[in-house]
J.: 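A single structure is presented below for examination.
In the text below, chain A, chain B and the rest are named by the order of the sequence lines, each starting its count at 1.
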Protein chains: 2
Amino acid sequence: MSLYTIAQASEEVDLTPYTLRYYEKEGLLPNVTKDSGGRRKYHDDDLQRIGFIKCLKGTGMSLKQIKEYGDLYEQGKAKFKERNAMLEEHREKILQEIKTQKKYLKMVEAKIEMKI
Amino acid sequence: MSLYTIAQASEEVDLTPYTLRYYEKEGLLPNVTKDSGGRRKYHDDDLQRIGFIKCLKGTGMSLKQIKEYGDLYEQGKAKFKERNAMLEEHREKILQEIKTQKKYLKMVEAKIEMKI
DNA sequence: CTAACAGTTAAAGTTAACTCTAAGTCAAGA
DNA sequence: TCTTGACTTAGAGTTAACTTTAACTGTTAG
């Protein structure tokens, strides 16, 4: 199957239908189509895109920035450089964040070991 | 030195005075004292505590939960078990989160390498 | 044919975590 | 003494990211 109702897509990507509509309203999902009755139809491409949105969001990128990235993506090859620059910068941020998380992990573990 | 004005404490822990007052209002900093003129005086203990709050917060714990933890902490040895259980659970969460971050890092790197 | 259901929209409401404002106080320097 | 500046408070405002509501519509099972 390669077409999903909002309920099915919601299940598939583990986001509520509210959130999916919200993301679309915010311009993050420009390619979701509608059937003759006006209902959303999600394609595999849309689900892929949502997956990447979740990745960016899960690593601390704001929806606003994710939209910027998506807008560049829509402009194709012409904006490849800018787009990749965003990702490379974000990559650094994730690396930094993992470091910080590891430091915090040590702090929590130290507190656990303190036994007081 | 072991006493800090709110401005100094703010500088020291890299949080705004607004945030420090907010944390106090929320019950996260029960031991901040005031001088004769009613001004806050932060002790080294307070700064340590703020440091740990930042650690918990930075690893995704809500202020509400941090307050719960702090409240248990205030009750000393009697609540040691509960308190440590919270930390151990949180430790698992951090480990899981680091895993997720690493997965997302791979996804971003893959997208960068895609060159399209 | 009709009732139930799954969807639609615009707009209002919610939550967490700040962030700021307004009005006031107090200590210190010219 | 006067003013400046750093603080105080209660309470209002902000922001991001949803989440819900209300009113409505098209599809389908009986």
Side-chain angles (χ1 to χ4, degrees), chain A residues 1 3-43 46-47 49-71 90 93 97, chain B residues 1 3-43 46 49-71 90 93 97 104:
Chain A
M1 212 212 304
L3 285 183
Y4 305 78
T5 64
I6 197 165
Q8 290 163 340
S10 161
E11 178 82 8
E12 209 66 36
V13 302
D14 196 29
L15 291 175
T16 69
Y18 295 139
T19 304
L20 290 178
R21 290 191 203 99
Y22 173 66
Y23 281 5
E24 195 179 329
K25 187 164 62 179
E26 294 300 304
L28 272 62
L29 300 172
N31 302 321
V32 175
T33 55
K34 306 259 178 95
D35 69 13
S36 58
R39 297 192 186 153
R40 287 171 178 78
K41 281 292 164 193
Y42 293 81
H43 298 247
D46 297 316
L47 301 196
R49 188 168 182 141
I50 295 166
F52 199 58
I53 289 171
K54 286 186 74 172
C55 163
L56 295 177
K57 195 173 164 295
T59 46
M61 192 183 283
S62 69
L63 293 187
K64 190 178 164 184
Q65 267 191 304
I66 294 172
K67 176 171 160 44
E68 277 174 44
Y69 172 78
D71 288 349
H90 191 60
K93 193 177 146 188
E97 182 59 19
Chain B
M1 211 216 301
L3 284 184
Y4 306 78
T5 65
I6 197 165
Q8 289 163 341
S10 161
E11 177 82 8
E12 208 67 33
V13 301
D14 197 30
L15 291 175
T16 69
Y18 293 140
T19 304
L20 290 178
R21 288 192 203 100
Y22 172 68
Y23 281 4
E24 196 178 329
K25 187 162 60 178
E26 293 300 304
L28 272 62
L29 301 172
N31 302 320
V32 175
T33 55
K34 307 261 178 95
D35 68 12
S36 59
R39 295 192 185 154
R40 287 172 178 79
K41 280 293 164 192
Y42 293 82
H43 299 249
D46 297 317
R49 188 171 182 137
I50 295 165
F52 198 58
I53 289 171
K54 287 186 73 172
C55 162
L56 294 177
K57 194 173 165 296
T59 47
M61 193 182 283
S62 69
L63 294 187
K64 191 178 163 183
Q65 267 192 304
I66 295 171
K67 176 171 160 42
E68 277 174 43
Y69 173 79
D71 288 349
H90 191 59
K93 194 177 146 187
E97 182 60 19
Y104 284 156

J.: Starting from P on dT27(D), measure out to CG on Asp35(A) and report it in whole angstrom.
T.: 7 Å
J.: Rounded to the nearest Å, what distance is computed from the OH atom of residue Tyr22(B) to the P atom of nucleotide dG13(D)?
T.: 17 Å
J.: Which one, dC18(C), dC18(D), dT8(C), comes nearest to the side chain of Ile6(A)?
T.: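 For Ile6(A), the side-chain atoms sit closest to dT8(C).
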J.: Rounded to the nearest angstrom, tell me the gap between atom CZ in Arg21(B) and atom C1' in dT21(C).
T.: 12 Å
J.: Report the residue (Arg40(A) or Lys25(A)) whose heavy-atom-nearest nucleotide on DNA chain C is the more 5′ of the two.
T.: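 So the residue in question is Arg40(A).
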J.: Is there a side-chain contact between Arg40(A) and Glu24(A) in this structure, where contact means two heavy atoms from C-beta onward sitting under 4.5 Å apart?
T.: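 Yes, side chains in contact.
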J.: Could you check how far OH of Tyr18(A) sits from P of dA10(C), rounded to whole Å?
T.: 16 Å
J.: Would the number of heavy atoms belonging to other residues, nucleotides or ligands and lying under 6.0 Å from CG of Asp35(A) be above 12?
T.: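 Above 12, so yes.
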J.: Backbone N or O of Leu28(A) within a donor-acceptor pair of the Arg49(A) side chain at under 3.5 Å?
T.: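 Between the backbone of Leu28(A) and the side chain of Arg49(A) there is a qualifying donor-acceptor contact (under 3.5 Å).
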J.: CG of Leu29(A) to NZ of Lys67(A): how many Å apart, nearest 0.5 Å?
T.: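 Between Leu29(A) CG and Lys67(A) NZ, I get 10.5 Å after rounding to 0.5 Å.
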J.: Whole Å only: how far is the CD atom of Glu26(B) from the P atom of dC18(C)?
T.: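 Nearest whole value for this atom pair: 10 Å.
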J.: Taking 4.0 Å as the cut-off, does a side-chain nitrogen or oxygen of Thr5(B) come that near to OP1 or OP2 on dC7(D)?
T.: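 The answer is yes; a side-chain N or O of Thr5(B) sits under 4.0 Å from OP1 or OP2.
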J.: Within this structure, what is the CD1-SG distance for the pair Ile50(A) and Cys55(A), rounded to the nearest 0.5 Å?
T.: 14.0 Å
J.: How long is the line joining CD1 of Ile53(A) and C1' of dC18(D), in whole Å?
T.: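 Result: 15 Å.
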J.: Which part of the nucleic acid, if any, lies within contact of Lys57(A), taking any heavy atom under 4.0 Å across all strands shown: a base, the sugar-phosphate backbone alone, or nothing?
T.: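 Sugar-phosphate contact only.
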J.: Could you tell me whether a side-chain N or O of Lys54(B) sits under 3.5 Å from a main-chain N or O of Leu15(B), the two making a donor and an acceptor?
T.: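 Answer holds: no.
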J.: To the nearest 0.5 Å, what is the distance between CD1 on Ile66(B) and CG on Asp71(B)?
T.: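 Those atoms lie 12.0 Å apart.
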J.: Using the closest heavy atom to pick a nucleotide of DNA chain D for each, name whichever of Thr16(A) or Lys34(B) lands nearer the 5' end.
T.: Lys34(B)
J.: Rounded off to whole Å, could you give me the CD-to-C1' distance for the Glu24(A) and dG7(C) pair?
T.: 13 Å
J.: Can you give one letter per nucleotide of nucleotides 25-30 of chain C, 5' to 3': B if a protein heavy atom sits under 4.0 Å from the base, S if only from the sugar-phosphate, - if neither?
T.: -B----
J.: Take the protein atom NZ of Lys54(B) and the nucleotide atom C1' of dA17(C), then report the distance between them rounded to whole Å.
T.: 15 Å
